[in-house]
Amino acid sequence: MKLAKSYQPEDYEAGIYSLWEKSSIFTPQGSGEPYSIVVPPPNANGNLHMGHALTFAIEDIMARYHRIKGDRVLFLPGADHAGFETQVVYERQLEKEGKSRFDYSREELYRNVYSFVEQNKDNFQSQIRKLGASVDWGHYTFTLDDPIVKRAFATFKKMFEEGLIYRGERLVNFCTFHGTAFADIEVDYKEEQGKLWQIRYPLTDSSGEIVVATTRPETMLGDTAVAVNPKDSRYSNMVGKTVKLPLTNREIPVIADEYVDPKFGTGAVKITPAHDPNDYDVAKRHDLPFMTVIGFDGKLTHDVPVAFRSLTVQEGRAAVVNEIEKQGFLTNSEDYTHSVGHCYKCGTIIEPLLKEQWFIDIKPLANKALERIREGDITFMPSSKQTQLERYLENIKDWNISRQIVWGIPIPVFQNEDDPGDWIYDERVDQEIITVNNKTYRRDPDVFDTWFSSSSWPYSTLGYPDRQDFKDFYPLSVMESGIDLVMPWISRMIMLGIYVTGNVPFKRIYLHGMITDERGKKMSKSVGNVIDPMEIIELYGSDALRLGVLSGHTPGSNQPYVQSKVIGGRNFCNKLWNIARFIEDKSTIGTMDQIEAITDPDHWILQVYQLTKINYLKLMDSYRFSEAYDLIYHFIWDDVADWYIESSKNQPNINLLLALLKGILVMVHPFAPFLTETIWQTLNLEPNTILANQQLIELPQGDHAKSERFKIAKNLITSVRSIIKATGSSGIKLYYHEEPIVELYSTLIKQLAGVIGVEEGEPEHGMAVTEANLNVWLDISKEQIDKYLVRLNEKISIEQGRLKQLQARLDNPSYIAQAPEELVNESRDQLIESEQILENYLQEKFRFSN
RNA sequence: GGGGCUAUAGCUCAGUUGGCUAGAGCGCAGCAUUCACAUUGCUGAGGCCCAUGGUUCGAGUCCAUGUAGCCCCACCA
């Protein structure tokens with residue numbers, strides 16, 4: 001098969017991927033060192049976005065590189081049921097059909113969402129294939145697969161039995177639109193313009209009044225105290241008395257608590273324990289009653305005066321303000337900016353509401369995690385995230401794992417119908433009612449927070465505790481994830497991993513930043529700046545996309561999606577393609593018996609290859625992928641294409657060219673898997689797929705002296721080109737005197753330097769090629785030389801500056817004494833070199849001036 | 001209030017443990033053209049590496065302070 005004139009990725013990608021899949025080469029191979037990556041499972045509810053393209057690119061590079069090193073690589077894919085997220089996506093679809101979740105029973109809804117996700121599975125799996133991810137599909141895991149669910153149950157059971165799980169009535173962050181609670185970190189806080197109202201609460205004994213400040217006057221209906229700071233002398237005589245709560249006929253006490261800041265507002269705070277987390281804490285300390293005045297539907301309850309019942313929070317606020325104003329209790333109101341929690345999906349204001357939920361007593365787990373992190377059991381990239389995670393774990397609060405939605409893993413606990421305090425663990429979650437010891441138990445209707453089950457991902461996917469995979473591949477070699485998941489996911493994987501298995505879940509964590517649009521703005525559907533990776537693949541190819549998002553990538557920092565980088569990647573692919581095409585033309589494939597360096601360029605390229613390989617390994621081993629890409633990009637484009645191939649046109653060393661191509665293909669393969677395999681297949685290289693090649697290609701070492709000889713010629717060519725361009729000359733001959741290297745390379749010089757001839761002998765008039773430091777002249781006319789004089793003068797002054805700098809450095813006794821000897825020697829050599837070059841320049845100038 | 005990150009060419013960004021002449025891609029200017037590649041080749045212009053101070057023989061790199069921008073956490077009666 002012949003290579004086409006240019007690389008058209010769409011003609012090859014699908015075929016190449018199915019070839020890989022058929023050969024089951026993605027399953028762990030051989031008996032090398034185990035190397036394991038588990039994919040952070042994308043949500044099973046939609047399309048992959050640019051962030052996924054980056055994630056898969058980075059992970060796939062790791063996986064493919066380690067296969068090349070001969071490691072036994074497991075690269076495990078999966079999908080996340082993404083509880084709440086998916087239910088929201090599904091509900092939006094229902095909305096388009098004019099329906100809502102309330103039109104279905106729980107079971108129906110669950111089944112519908114399940115088939116919705118099932119339908120989408122093929123879609124997003126095929127997108128992963130298009131990205132070229134070399135995942136082992138045989139290990140594909142869904143977060144609702146039986147073993148994963150069983151694992152979540154087992155972990156819950158262990159915690160339940162060890163007393164780490166408790167049920168408590170706490171204030172939870174509740175979205176009244178979606179009807180579910182959220183963990184603290186899921187609440188989206190935004191600055192909002194509100195008002196601060198001041199309300200007069202008369203003392204019951206008529207000895208005065210106390211004015212409280214509030215942003216939420218409607219909650220006054222649920223006040224059960226007024227608090228002041230114990231050190232605040234303005235109020236010290238009121239503590240212990242009671243006030244009459246306006247609009248109600250209740251009397252509530254005035255208490256003293258450190259929580260109150262005397263400098264804020266009036267220094268007096270109304271306490272609404274059922275609707276404010278701080279008030280909740282105060283109430284606990286003072287044993288105050290809790291009075292719920294806002295229900296789960298977001299409306300005022302029946303416990304408020306008739307006039308306010310069933311009003312929404314907003315309506316209630318207006319009504320209360322109106323009423324207290326009318327009755328003369330409102331003393332003041334002013335604009336006030338404060339931050340308000342919102343549902344991150346629908347924007348509804350989050351209400352803190354009292355609800356019985358399951359909580360994990362997280363401190364003990366966090367402390368263990370902290371210990372291991374501080375011992376350095378996990379390498380963080382970037383390292384700054386370690387500090388951030390430590391701070392988070394130090395201040396962590398108990399974790400609410402109950403969610404009032406349908407789509408998720410049911411919490412396997414049942415409540416005694418006759419004794420609400422009696423909860424038992426049972427895995428028969430497909431039943432609503434079970435009987436144990438003649439007692440009737442009803443299942444908790446709630447499901448787990450998605451993150452509870454996905455926190456077990458590193459070991460549940462590997463079949464903890466018995467499966468061989470777990471024994472071979474745990475802890476994971478690396479967890480690659482977005483930086484936004486450090487707290488919700490990474491932290492919990494570490495805590496649960498240690499808790500369940502006794503070991504950290506992964507040895508290294510590589511965090512990538514978010515991909516933004518070209519201006520650095522977050523991609524979002526509503527702004528309309530989202531770029532679909534699948535469209536980019538169609539336009540430029542999968543490898544080009546990968547190279548584009550990877551070039552200049554650095555862990556931890558956000559990166560814009562830059563189209564020109566993708567185009568650069570596409571061009572690079574084409575470059576490599578054409579290198580292969582050149583070699584294909586020159587050779588009869590299949591004769592690679594002896595690889596032998598014949599010419600100086602052969603020796604030179606072998607030396608550069610060797611050096612590149614060493615640096616490549618170093619960079620790849622330290623996860624510095626974008627630098628490794630940069631390295632091979634310039635090796636291939638600058639050294640191989642621009643110099644070696646060009647030099648080869650006279651005297652192609654076919655075996656070496658082929659071997660070199662193989663070497664390059666293997667190094668590039670993690671970065672451009674489709675392209676490299678396509679070339680490999682088309683040229684019928686051995687072994688039958690590039691993936692089976694489990695090592696970097698070894699080539700003979702070039703001879704140093706011969707390599708240096710080529711470098712001299714190369715420098716000469718560059719200098720000559722530069723002079724010819726600068727003087728705008730053409731039809732120039734090059735003369736040399738007693739220079740065997742120039743004689744040896746006369747043909748190449750003629751071809752590449754753009755001169756019409758290379759001859760022995762000094763021209764009558766002409767200019768020396770000063771930089772080359774050889775007896776070489778160009779027969780450039782006097783007029784043209786004059787154009788060059790300006791440039792020569794610039795060069796002279798630059799070189800003089802450099803010489804001065806070197807001289808000063810070497811005159812500094814501290815430098816001689818303290819800098820490393822090699823460095824000092826290097827400086828000395830540079831000084832000599834600089835003097836020589838300057839001398840050449842000055843001589844030339846002198847010649848011109850006469 | 002606590003913590004973190006970023007500041008380098010017109011744009012987007014690299015720059016490992018400090019090492020001397022700071023790099024790339026794109027863009028820009030000029031030249032070239034059937035011979036692997038216009039998804040090309042060649043030549044070139046473009047930078048007080050945010051500011052100030054410090055450590056050091058030597059600072060884009062380390063330390064301190066400041067300025068600007070971004071992010072996370074907590075709180076906001």
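Below, chains carry the letters A, B, ... as their sequence lines are ordered, and counting in each starts from 1. Below, each value reflects all heavy atoms present in this structure, side chains not excepted, and no hydrogens, waters or symmetry copies.
Using a 4.0 Å heavy-atom criterion, one finds that Ser622(A) contacts no nucleic acid atom at all. Across all strands shown, Lys575(A) has heavy atoms under 4.0 Å from base atoms, whether or not it also approaches the sugar-phosphate. Residue Pro820(A) is classed as a base contact, given a heavy-atom separation below 4.0 Å to a base. Within 4.0 Å (heavy atoms only), Lys649(A) reaches at least one base atom of the nucleic acid. Residue Tyr540(A) is classed as having no contact, given no heavy-atom separation below 4.0 Å to the nucleic acid. Contact annotation for Ser557(A): backbone-only contact, meaning every heavy-atom pair under 4.0 Å involves sugar-phosphate atoms and none involves a base. Residue-level contact check: Lys397(A) touches the backbone only, with heavy atoms under 4.0 Å from sugar-phosphate atoms and none from bases. Phe572(A) comes within 4.0 angstrom of no nucleic acid atom, judged by non-hydrogen atoms across all strands. Using a 4.0 Å heavy-atom cutoff across all strands shown, Val260(A) reaches at least one base atom of the nucleic acid. Phe264(A) comes within 4.0 angstrom of a nucleotide base, judged by non-hydrogen atoms across all strands. If you check every strand for non-hydrogen atoms under 4.0 Å, Arg570(A) touches a base. Among the heavy atoms of the strands, none lies under 4.0 Å from Ser551(A). As judged by a 4.0 angstrom heavy-atom cut-off over every strand, Val562(A) is placed among residues touching the sugar-phosphate backbone only. Counting non-hydrogen atoms under 4.0 angstrom, Gln8(A) reaches a base of the nucleic acid.
Shown here is Gln651(A), whose CD atom has no more than 12 heavy atoms of other residues, nucleotides or ligands within 6.0 Å. For Lys195(A), the NZ atom counts as densely surrounded, since its 6.0 Å shell holds more than 12 non-hydrogen atoms of other residues, nucleotides or ligands.
For the pair Glu627(A) CD and U17(B) P, the interatomic distance rounds to 10 Å; values are reported in whole Å. Atom OH in Tyr189(A) sits about 18 Å away from atom C1' in C71(B), given to the nearest Å. Between Tyr633(A) atom OH and C26(B) atom C1' the separation is 10 Å, expressed in whole Å. Put simply, CG on Leu675(A) is 13 Å from C1' on U39(B), counting in whole angstrom units. With rounding to whole Å, Ile579(A) atom CD1 is found 13 Å from U39(B) atom C1'. Asn571(A) has its CG atom 4 Å from the C1' atom of U39(B), to the nearest Å. Between Tyr392(A) atom OH and G2(B) atom C1' the separation is 16 Å, expressed in whole Å.
The stretch residues 634-647 of chain A comes close to RNA chain B through His634(A), Trp637(A), Ala641(A), Asp642(A), Ile645(A), Glu646(A), each having a heavy atom under 4.0 Å from the strand.
Between Gln818(A) and C57(B) there is a side-chain polar atom (N or O) within less than 4.0 angstrom of OP1 or OP2. Taking side-chain N and O atoms only, Gln563(A) has no distance below 4.0 Å to OP1 or OP2 of C26(B). The side chain of Arg721(A) places no N or O atom within less than 4.0 Å of a non-bridging phosphate oxygen (OP1 or OP2) of G30(B). Dashed line: the shortest gap from a side-chain N or O of Asn558(A) to OP1 or OP2 of C70(B) is not under 4.0 Å.
Put simply, the side chain of Arg802(A) and the base of U21(B) share a donor and an acceptor less than 3.5 Å apart.
Listed nucleotides: C37(B), U39(B), A14(B). Nearest to the side chain of Ser626(A): A14(B).
A heavy-atom distance below 4.5 Å is not found between the side chains of Val668(A) and Tyr629(A).
Outside the 6.0 Å centre-distance limit, the rings of Phe674(A) and Tyr12(A) are not counted as a close aromatic pair. In this structure, the ring of Phe625(A) has its center less than 6.0 angstrom from the ring center of Tyr623(A).
Projected onto RNA chain B by closest heavy-atom contact, Lys565(A) and Arg624(A) fall at different nucleotides, the more 5' of which corresponds to Lys565(A).
By the 4.0 Å N-to-carboxylate-O rule, Arg519(A) lies too far from Asp517(A) to be salt-bridged with it. Ion pairing between a basic and an acidic side chain is recognised when a charged N comes within 4.0 Å of a carboxylate O; Arg581(A) and Glu584(A) show no such pairing.
Put simply, CD1 on Ile252(A) and CD1 on Ile271(A) are 9.0 Å apart, with the number rounded to the nearest 0.5 Å.
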